[in-house]
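We use all heavy atoms of the structure for the numbers below, so side chains are in, but hydrogens, waters and symmetry mates are not.
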Amino acid sequence: MEYDLGVSQVRRVLAALESRWPEGFDDCALMSFTHRVQRVMDYLGIRAAEQLEERILCAPESSYAELVSLLLPRTTELFRDPDFWKALRHEVLVPLRERGGDGLCVWVAGFDSGEELYSLCLLLASEGLLDGSSIVASHLVPHDWLREGLVLPSRRQKIDIANAESVLGESLRVKYCASADGECVLPGSLVSSVHFAKQSIRFVAWEDRLFHLVLCRNHLLYYGLSCSNANLELMASQLVAGGVLAVGIGEDLVNYQNGSKFTVLNERESLYRKLRL
Amino acid sequence: MRLIAIGGSAGSFHVVQHILRSLPSSYMCPILLCLHRPKDVRSGFKKALSIRATLPLVEPSDKDPIVPGHVYLAPSNYHLYVELGHRFALSTEDMVNHSRPSIDLLFCSVARVYRERAVGIILSGANRDGALGLLRLHRNGGYAIAQRPEDCAVSTMVEAAVEQGAVDATLSVDGIVEYIKSIA
């Protein structure tokens, strides 16, 4: 946090990103983006925002993935908000299973670093619904590398394991998230059938696809109202009637103009159901 | 619109309770609280803080407007920012100073957006979170207050702020209350 960045400097960095790779960087939540820019400057040993701006404008295409991974927020816990995952099981998965369903079509939207996707797959597996489900996971840069497995950072292992046990119980947690040599690796087999796809910051419609469930948790946080409203409208259009949207527990659809397309399924855990019209 | 941001950790809870009970119900300046809190306690913390508070206490959602006459508490396991346009922003990013919510992140955003209209107050706590943010606030023209170290349950947090040269005044808890009342 060494560099004191002004709002106009951060806006110029965003403008540089958007001009170099027009993906919707021009409508980012400024203050959290400022924090990430400062971290990137620390990492790159850059002392002035103008240097970062120049580096972005002159960056080769091959550096895009690394720059994006540095500047976009990462998911910071496995099964973040365990009560949410329990509510998802109770409100969506168990009723589906009881109706004889063997899976659902899911879109994991937003720029998940793997924890959210793996949490979903673990939960589906625990309910016997993983094999019958069709899952699309989207990112600015498709995260196919997640098929190799997900290594949970050792500094965070205690939290991740506690969250997983809270949702799955101990025996299932041990089955899927066993530690060895101080490392916890989730098996890539959990995501072997996931379709990893590219998606812009400003979402673009999937053709010929409708979903029963869209997970977009703690993603709208990072973008301004214009982008978030557009993305919410797009997600609503990609859900079947009565389909479920999950946003972060710190996100409230009342703040978005397209929030009225949904009714509340579970207010505390920010689960919403698309209105049947 | 002026804005008051208060940060605290170990030993600050009862101080904040005292502040919230001492303000008139007509008090209009928004107050933001960033208190280090247990990650998985979602509603009990706010409920306990609200007891006998004279102003409505809210845990804001992302993009909620900042409304005069309200007290806002950073939600558990999120960083809290203020954005241009008098709205809140949340973030789930990595902890800062082992904390989420981080006082430094809130104070830095308050410093950038509110500048000379900002008041930052640092209370008792056991780590250095908030010291750098209070310095930014002070350098951007805001007024920076630290609880008197000898009155703190744990003085690490306020001493870190004083060491940074971030502080305009060190006050007793009653002194903090009187200052807050004076800028209504």
B:V167: which of B:L135, B:L134, B:V158 passes side chain to side chain contact (heavy atoms under 4.5 Å, CB included) = B:L134
inquiry  = Could you check whether atom CD of A:E267 has more than 12 heavy atoms from other residues, nucleotides or ligands sitting under 6.0 Å from it?
reply    = no
Contact origin within A:N255 toward chain B - heavy atom pairs under 4.5 Å = side chain
Any donor-acceptor N or O pair under 3.5 Å, side chains A:D112, A:H219 = no
remark   = The interface call for B:V113 against chain A, heavy-atom contacts under 4.5 Å, is side chain
key: Under 4.5 Å from a heavy atom of chain B, the part of A:R268 involved   = both
query = Contact part of A:F33 toward chain B, heavy-atom cut-off under 4.5 Å: side chain, backbone, both or neither?
reply = neither
query = Relative to each other, are the rings of A:Y272 and A:F262 parallel, tilted or perpendicular (30° and 60° limits)?
reply = perpendicular
ask   = Which residue out of B:S109, B:A111, B:S91 racks up the most heavy-atom pairs below 4.5 Å with chain A?
value = B:S91
request  = Could you tell me whether the side chains of B:H98 and B:N127 share a donor-acceptor contact shorter than 3.5 Å?
outcome  = no
query = Taking A:L221, A:D252, A:T76 one by one, which has the highest count of heavy-atom pairs under 4.5 Å against chain B?
reply = A:L221
ask   = Less than 4.5 Å apart, any side-chain heavy atom of A:L239 and any of A:V244?
value = no
request  = Heavy-atom pairs under 4.5 Å with chain B are the metric here; pick the option from A:E251, A:R39, A:R156, A:R80 that has the most.
outcome  = A:R80
remark   = The interface call for A:T34 against chain B, heavy-atom contacts under 4.5 Å, is side chain
remark   = Answer key: most heavy-atom pairs under 4.5 Å with chain A among B:N77, B:N140, B:D94, B:L84 is B:N77
message = Would the distance check show the side chain of B:S99 and the main-chain N or O of B:N97 forming a donor-acceptor pair, the cut-off being under 3.5 Å?
response = yes
task = Below 4.5 Å from any heavy atom of chain B, which atoms of A:T75 appear? Answer side chain, backbone, both or neither.
result = neither
ask   = Do you know which of B:T92, B:L90, B:D64 has the most heavy-atom pairs under 4.5 Å to chain A?
value = B:T92
message = Quiz question: by atom type and distance under 3.5 Å, do the side chains of A:K86 and A:S166 form a donor-acceptor pair?
response = yes
key: Portion of A:I249 that has a non-hydrogen atom of chain B nearer than 4.5 angstrom   = both
inquiry  = Tell me whether the NZ or CZ atom of A:R217 lies within the 45° cone about the ring axis of A:F79 and under 6.0 Å from its centre.
reply    = no
key: Which atoms of B:R100 approach chain A - backbone, side chain, both or neither, heavy atom under 4.5 Å   = side chain
